[in-house]
Amino acid sequence: MSVPSVRQIRLGAAFVLLTYLILHFTNHALGLISLAAMEGGRWWFLALWRSVPGTLALYGAIVVHGVLALWLLYQRRTLRMPAWEAAQYGLGLLLPALLTIHVVGTRIAWWHAGTDDRYARVLMAFWVLAPERGAWQAVALATAWTHACIGLHYWLRFRLWYPRVVVWLFAIALLLPAAALAGFVAGGREVQALARTPGWTEALMRETRPPGPAQTAALLRVRNGFLDAYLGALVAVIAARGVRALWQRRRSVRITYPGRVVTIPVGFTILDASRAAGIPHASVCGGRGRCSTCRVHVGRGLNGLPLPSEAERRVLARVGAGRGVRLACQTRPLYDVSVVPLLAPSIAPAEASETDVGQGHESEVAVLFADLRGFTRMAENKLPYDVVFFLNRYFEAVGTAITDAGGVTNQFTGDGVMALFGIEDGPAAGARQALTAARAMVEGIAALSAELAADLPAPMRIGIGVHAGPAVVGQMGWGQSFYLTAVGDTVHVAARLEQATKDYGAELVVSEEVARYAEIDLSAFPGHDLAVRNRAGRVSIRVIARAAALDLTAPTAS
């Protein structure tokens, strides 16, 4: 059975168990009303879970979830993993041992000895006869709930809607177990009070038919047998991992990272290799193949890699990955390879399914450069804190204009800014967005200049250049500092057009390509052919002295 299908089956089993846990906690919370309310809720609870379909679903889910957890533990090539994943694994492996006593004392005792495990009897055991068992049970339920919530969070966080509801789900995750614990305490105190009533405890024992000595011994054998079997299964998995590691060390492969070579046994994934060597490697989903953040570009050795599975192909297709890009968590090299991780290790979950621009791809975009005139001279006589305040207000004004128009601000250098438009919508929409942003930037600077007039020697002026055409767009940088940007001739020309605003004394200089893409008529503005350094040929431009004169509704003359 392939790993993706194993995870899907385990996920289905997990949802059955989560449903059981939610209903169980809800039933406990009824203790805040009364013991009778708990017993009434228990009738409906048992009607579901002790029916034939409910029994098959519940215990089938327990077996499937547990067995597949051990199988996935065996499949892991390294036990190095993020802290959240280690916590989920550890809590999950503890659960069978924590819950065995309770399950044997309730469900198994009911099935084997006909014992009625109503709330009054169970709370009597937990609060009167053996209070330490009550504390143990609270720990077990808290462990189960924490394990479930960790898994649910790291599964849901790839959904686009999840950030909008995560606060509400977190509130539920806190309040439900708190209400269950409060109900458990309230019910226990009610039972303690009833136990002081003469004859009540004896009547309860007669009605609930507790196991006799022989039946109790049989239940102890069941409990101990299960614990021994579970411990044996854990030891067998660990031993099997050790045998496999010894066998795989007979043959190894070398993975070359930028500045580092790692030798691993055959059978490790590239992500396993990164973790084993302590190399930071993005993996939002924990290496489960649910996201694409661990993707790498494979150089040498690409043709020797096993073909990607159908699940890996779907993920790579979803992000538009190019040739040579593979998921590190799904790729097991058989021969030496060289790889370059494409995303920063600190990437956020919201970016887990974004289009793959990490390796760079050619796209037609509109590029805008802007620069504040006379800033250096103005800053000479100001305190550093005043300069920072001023720059932040300036960046706020131009950044808001850019993002409101649909662009991406990707570089703030000194008093200059670079922005990209049309990355997702294409060059036509990008050109219109860039011109809209340019006009809004000039308006924003004028408003800011009026607001700060008392502190400025002269009104602020800005020069903007816009060009459109092909560029290589991608996440570029190093280490923790990756950001979306573009390189190429189009960027070079746009920067030159911004410089030309000084020569022409204009607020805006745009290329004819921008007018063509945007389908607007700029013939009313002066036209020139501009020479660009290190570039053959000239660029046809339009010089717009005042951006306010730009009419974005004027159609191109036919």
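Hydrogens, waters and symmetry mates are skipped; everything else that's a heavy atom, side chains included, is used.
- Closest approach of Phe268 and Ala276 over heavy atoms only: CE2-CB, 4.3 Å.
- Using a 4.5 Å cut-off on side-chain heavy atoms (C-beta onward), Asp425 and Gln433 make contact.
- Val466 is not listed as a side-chain neighbour of Leu497, based on a closest heavy-atom distance of 4.5 Å or more.
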Stepwise side chain to side chain contact (heavy atoms under 4.5 Å, CB included) check, Leu156 with Val165: CA-CA 11 Å; Leu156 286 179; Val165 301; over 6 Å; no
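- Ring-plane geometry between His28 and Phe25 is classed as parallel, the angle between the planes falling under 30 degrees on a 0 to 90 degree scale with a further cut at 60.
- Within the model, atoms CG of Leu73 and CG of Leu68 stand 12.5 Å from one another, a figure rounded to the nearest 0.5 Å.
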For a side chain to side chain contact (heavy atoms under 4.5 Å, CB included) check, start with the C-alpha distance between Tyr20 and Val16, then their side-chain angles and the critical distance, and finish with the verdict. CA-CA 6 Å; Tyr20 178 87; Val16 173; 5.8 Å; no
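- Note that CG of Leu271 is 10.5 Å distant from CZ of Arg332, once rounded to the nearest 0.5 Å.
- Here the CG-OG distance, from Asp336 to Ser252, works out to 8.0 Å after rounding to the nearest 0.5 Å.
- Between the side chains of Thr55 and Arg107, a donor-acceptor pair is found at a separation under 3.5 Å.
- Classified by interplanar angle (parallel below 30°, tilted 30° to 60°, perpendicular above 60°), the ring pair Phe45/Trp49 is tilted.
- Within the 4.5 Å cutoff, the side chain of Leu227 has no heavy atoms near those of the Leu231 side chain.
- By the neighbour-count criterion of 12 heavy atoms within 6.0 Å, atom CZ of Phe395 is densely surrounded, having more than that number from other residues, nucleotides or ligands.
- Atom CH2 of Trp168 sits in a sparse spot, with 12 or fewer heavy atoms from other residues, nucleotides or ligands closer than 6.0 Å.
- Val398 is not listed as a side-chain neighbour of Leu372, based on a closest heavy-atom distance of 4.5 Å or more.
- The minimum heavy-atom distance between Ala140 and Leu99, with the atom names listed, is CB-CD2, 3.6 Å.
- No donor-acceptor pair under 3.5 Å is formed between the side chain of Thr331 and the backbone N or O of Ile270.
- A donor-acceptor pair under 3.5 Å is absent between the side-chain atoms of Arg254 and the main chain of Thr263, judged by distance alone.
- When all heavy atoms are compared, the tightest approach of Met418 to Leu420 is CE-CD2, 3.8 Å.
- Interatomic distance, CG of Leu21 versus SG of Cys149, reported as 8.5 Å (0.5 Å rounding).
- Atom CZ of Phe421 and atom CZ of Arg432 lie 13.5 Å apart (nearest 0.5 Å).
- A donor-acceptor pair is defined here as one N or O able to donate and one able to accept, closer than 3.5 Å; such a pair exists between the side chain of His281 and the backbone of Cys294.
- Both cation-pi conditions hold for Arg244 and Tyr74: the charged atom is under 6.0 angstrom from the six-membered ring centre and inside a 45 degree cone around its axis.
- A side-chain donor-acceptor contact under 3.5 Å links Arg260 to the backbone of Ala277.
- The shortest side-chain heavy-atom distance between Thr143 and Leu95 falls under the 4.5 Å cut-off.
- Looking at every heavy atom in both residues, Ala438 comes nearest to Ile464 through O-CD1, 3.6 Å.
- Counting only distance, with no hydrogens or angles, the side chain of Glu312 and the backbone of Leu327 share a donor-acceptor pair below 3.5 Å.
- Judged by distance alone, the side chain of Tyr517 and the main-chain N or O of Val365 form no donor-acceptor pair under 3.5 Å.
- A heavy-atom distance below 4.5 Å is found between the side chains of Ile255 and Pro333.
- Look at Glu310 and Arg313 and you find a salt bridge, because one of the NZ, NE, NH1 or NH2 atoms lies within 4.0 Å of a carboxylate O, short of that distance.
- Between Leu234 and Leu70 the shortest side-chain heavy-atom distance falls below 4.5 Å.
- Contact annotation: the side chain of Ile264 never approaches that of Asp272 to less than 4.5 Å [non-hydrogen atoms, C-beta and beyond].
- A 6.0 Å sphere centred on OH of Tyr59 holds more than 12 heavy atoms belonging to other residues, nucleotides or ligands.
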Does the side chain to side chain contact (heavy atoms under 4.5 Å, CB included) test come out yes or no for Val266 and Leu334, once each step is laid out? CA-CA 6 Å; Val266 170; Leu334 301 176; 3.9 Å; yes
Side chain to side chain contact (heavy atoms under 4.5 Å, CB included) between Asn303 and Tyr335, worked out: CA-CA 10 Å; Asn303 294 331; Tyr335 307 99; over 6 Å; no
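- Minimum heavy-atom separation, Leu176 to Trp145: CD2-CH2, 3.7 Å.
- Between His153 and Tyr162, the distance from one ring center to the other falls under 6.0 angstrom.
- Rounding to the nearest 0.5 Å places CG of Leu391 at 12.5 Å from CD of Glu396.
- In terms of heavy-atom proximity, Ala437 sits nearest to Ile402 at CB-CA, 4.1 Å.
- The backbone N or O of Pro470 sits less than 3.5 Å from a side-chain atom of Thr490, completing a donor-acceptor pair.
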